[in-house]
Amino acid sequence: MSGYDLNSLNEEQMQALLQTEGVVLVTAGAGSGKTRLLTHRICYLIEKGVSPYNILAITFTNKATNEMKERVSQMCDRNVWISTFHSMCVRILRENIDRLEGYNKNFTIIAENDRDKIVKELLEKFGCEAEEKDKVICHLESIKNKGLDIDEYFMPIREYDKSRNIKIYQQVCWGYEEYLRKNNALDFDDLLNKTLFLFQNFKDVLNKYAERFVYILVDEFQDTNLVQYKLVKLLASVHKNLFVVGDEDQCIYSWRGANFHNIFNLKNDFEDVKTFKLERNYRSSKNILNLANNVIANNTERMKKNLWTDKSEGAPPVVYSAFDERDEAMYVAKTIEKMLCEGYSYNDFAVLMRINALSRNIEEGLLSYQIPYKLYGGFKFYERAEIKTILAYLTAFVNPKDEIALMKIINFPKRGIGDVAISNLQEEAGEEQLLAYLLSDRFKFSKYFNKLQKFVETFKKLWEEKDVISPVDFVEKVIKQFGILQAYAGKDEEAVNRLGNIDSLVSSVQEFVEENEDSTLADYLANIMLKSDSDNIQENGFVSVATVHAVKGLEFKVVFVIGLEEGIFPLARASFSNSEMEEERRLMYVAITRAEENIHLIHTAKRFMYGKSNYQKQSRFLGELGIVDKTKPSVRANVQDMLDKAVEESYRSGFKTGDVVSHSRFGLGKIVNISDDGLVADIDFEDFGKKSLMLNLAKLEKVEEDDE
């Protein structure tokens, strides 16, 4: 067998591989060679006479599936059923779904946006607002992740909630299921649930697969939800030869149903489970592993293990205390540029964040140094749906003739204006531009006036203000008065990111105005278009900019973890829940263990968030790493050092309370207060009132008293 070499396994891996019979649980730390173990086990079974037809390997990502297939093919030149859970279920359903009423093997799989549209239409039939859609979706996902019948799920809820809405949600869920059935369609969760239903209700279907698969292997077992766990349990019910590899320290998907307790449940559901630990790491240096071990040791719900390596100590970890988010971005870009000169490639770098709302400044920093990058875990900042929506609103104000922008906003948030209505409105407008028609007295006689009345009135009011107030204030009013925040509100991971992205957009306007005196909204939009169009040079690879969730399973020579501040990483909501805080810590562990050679951990003293610049408290995780004091002599690991420098600069300029100053935009003003740290001055301007400006950025000029 080409490429198949048991001598390449370490002692712990070999012990696990040789335990071929029964249920085996392997707790595999990050970078411990679990893929190597899984592929060698498959080839070992085949070498011992097991038919490839009788082996099933289940993974969680297409990337992992393809990698495992390729390795097995190279090592033992055999075809084995290796697939993700969802792909496996599609294959089973194609062969057996005709057992379920209304379905046949030609079923289609609908996307999430199709699901959302169906739910919205059903809610409308019950006279409910479209805003209720997210609540229904949450119920649907919970029903399917738990593998429950709809009535079974709602029964306990209706015991304490007698509201009309709950009854409607239940009816909409049934209506949604009926719609899918009539259309011979399944959503992604159905792929798992319908397969489970077949196994539980048609024993011959279950036996066909449970008899066939004598040996079952499951990767990333900590990420299984309840339905996936039940599927595995049923598939292994005949031969009971189950080999699962997982690491509860890397369970970071509980928000979508993953339950690392399935690792522990395994011992309750099967007899004589053999457990093996893989603690030797092949990826990272000793310094990086020390960080990972230190931080994850603070979690209590885990099996104790300690990663180790025979690699060198490696470069010391760097903690960088940035002044603000722009300093953070510049540090990342400058460090990458320096390391590129030392022989590193673009592909060697990853910039990781807890929420992708932090990516804008990083993207702009990389662009300013002409460093090509690729954004994972979301669209590039200015291509995200919520950002494009706001930019379309702003474009309509800057250029009312732009009907492309108008088409994006006329029915967002929902106003009941569909394609037919738009076509009719364009006919009513005739030769006149559509927006101009909507703002005219003629439109008051249209049958669509009531639906668009609030939109028109808001637009007219803001039109009068757009050249009077600052661009930042105008953008904030557009977001607020058109109800954009409410449209994207919610408690799930996606909603948190979207609201953060919107806040980051406001921050970008603020920064642009500060850096470009007398700039207009049109200038800002033109600047955005240039930036969005400039990062197309990827011939030599790219730097990865990603959420931590997006890079699980990947590795990079150099990793930057940004936004290490309380409220960001960990998220603020985790402070109220021990289980959520432990998941945040697991995310930190995953972020650290992506690094092979170098890791840079960055937090800011200040960050523009929620419409203002806030002092930031460094993440508790930095304290848990045990490196801040140790690295202080060689890096700026102390925020106070940074603040002291800024204070020194502001004092060197000679500003003090009572000084009269001149600003190019705001004119003459008097400093009425300077913050304790010397960074921010409250200035009472003659024509603009009181403004708070950062002394090292505001470009103030002191006016001598006899010059007043």
Side-chain angles (χ1 to χ4, degrees), residues 30 134 138 141-142 145 222-223 225 247-264 291-303 319 325 328 351-359 377-378 488-504 546-552 559-594 599 601-607 609-610 614-628 639:
D134 289 340
C138 282
E141 290 179 343
S142 186
N145 282 332
Q222 78 280 350
D223 290 333
N225 62 23
D247 180 11
E248 73 281 3
D249 290 337
Q250 295 187 74
C251 181
I252 58 175
Y253 297 110
S254 64
W255 49 277
R256 69 183 189 195
N259 184 1
F260 69 85
H261 289 101
N262 286 339
I263 288 177
F264 309 118
L291 298 184
N293 288 328
N294 286 346
V295 74
I296 202 62
N298 290 275
N299 274 7
T300 57
E301 291 194 280
R302 62 187 294 262
M303 294 181 180
V319 175
E325 61 270 25
E328 177 180 61
V351 185
L352 307 183
M353 63 205 77
R354 174 62 182 87
I355 55 175
N356 57 30
L358 302 186
S359 74
Y488 286 119
K491 294 183 179 180
D492 61 1
E493 199 84 5
E494 184 179 7
V496 171
N497 279 325
R498 282 182 164 175
L499 294 179
N501 291 337
I502 292 171
D503 183 66
S504 190
T547 61
V548 182
H549 282 103
V551 296
K552 186 166 174 288
V559 167
F560 299 84
V561 185
I562 67 169
L564 282 169
E565 298 133 42
E566 288 293 304
I568 296 178
F569 199 173
L571 291 178
R573 70 185 186 208
S575 299
F576 305 100
S577 166
N578 185 61
S579 62
E580 286 197 37
M581 185 58 70
E582 293 214 348
E583 176 133 345
E584 293 291 304
R585 193 172 283 110
R586 291 193 292 271
L587 270 169
M588 184 66 184
Y589 174 82
V590 168
I592 293 169
T593 54
R594 299 311 94 199
I599 189 162
L601 306 162
I602 312 170
H603 67 100
T604 66
K606 281 191 167 187
R607 191 179 292 276
M609 294 191 74
Y610 312 117
N614 298 290
Y615 285 103
Q616 297 295 102
K617 181 180 179 182
Q618 74 174 42
S619 170
R620 69 190 68 192
F621 299 151
L622 284 171
E624 294 172 0
L625 296 175
I627 61 169
V628 175
V639 176

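With sequence neighbours excluded, no residue forms a side chain to side chain donor-acceptor pair (under 3.5 Å) with Asn294. Residues satisfying the ring pair (Phe, Tyr, Trp, His ring centres under 6.0 Å) test with Phe569, not counting sequence neighbours, are Phe621. Partners of Glu624 by salt bridge (Lys or Arg N to Asp or Glu O under 4.0 Å), not counting sequence neighbours, listed by chain and number: Arg585. Annotation: side chain to side chain donor-acceptor pair (under 3.5 Å) contacts of Gln250 (sequence neighbours excluded): Asp247, Arg594. Under the salt bridge (Lys or Arg N to Asp or Glu O under 4.0 Å) criterion, Glu584 pairs with Arg354, sequence neighbours left out.
Taking all atoms of both residues into account, the shortest heavy-atom contact from Gly563 to Ile568 is O-CG2, 3.4 Å. A pairwise comparison of heavy atoms in Val551 and Ala546 identifies CG1-CB, 3.5 Å as the closest pair.
Between atom CG of residue Asn225 and atom CG of residue Asn145 there is a gap of 5.0 Å, rounded to the nearest 0.5 Å. Between Leu358 atom CG and Leu352 atom CG the span is 11.5 Å, to the nearest 0.5 Å. One distance of note links OG of Ser575 with CE of Met581; it measures 4.0 Å at 0.5 Å rounding. In this structure, OG1 on Thr604 lies 9.5 Å from CD1 on Ile562, to the nearest 0.5 angstrom.
Side-chain contact between Ile592 and Leu625 is present, with heavy atoms from C-beta onward closer than 4.5 Å. Looking at His549 and Leu587, their side chains come closer than 4.5 Å, going by heavy atoms from C-beta outward. Looking at heavy atoms from C-beta onward, Arg586 lies out of side-chain contact with Arg302 at the 4.5 angstrom threshold. Using a 4.5 Å heavy-atom cutoff, the side chains of Glu328 and Leu564 are not in contact. Residues Val319 and Gln618 have side chains not in contact (no heavy-atom distance under 4.5 Å, counting atoms from C-beta outward). By the 4.5 Å heavy-atom criterion applied to side chains, Asp249 and Thr593 are not counted as neighbours. Counting only heavy atoms from C-beta outward, the side chains of His603 and Ser619 never approach each other to under 4.5 Å.
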query: Can Glu301 and Glu248 be said to form a side chain to side chain contact (heavy atoms under 4.5 Å, CB included), step by step?
result: CA-CA 8 Å; Glu301 291 194 280; Glu248 73 281 3; over 6 Å; no
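Judged as a salt bridge (Lys or Arg N to Asp or Glu O under 4.0 Å), the pairs with a partner in residues 559-571 (not counting sequence neighbours) are, in order, Glu565-Arg607, Glu566-Arg620.
The backbone N or O of Ile355 lies less than 3.5 Å from no partner atom in the side chain of Asn497, so there is not a single donor-acceptor pair.
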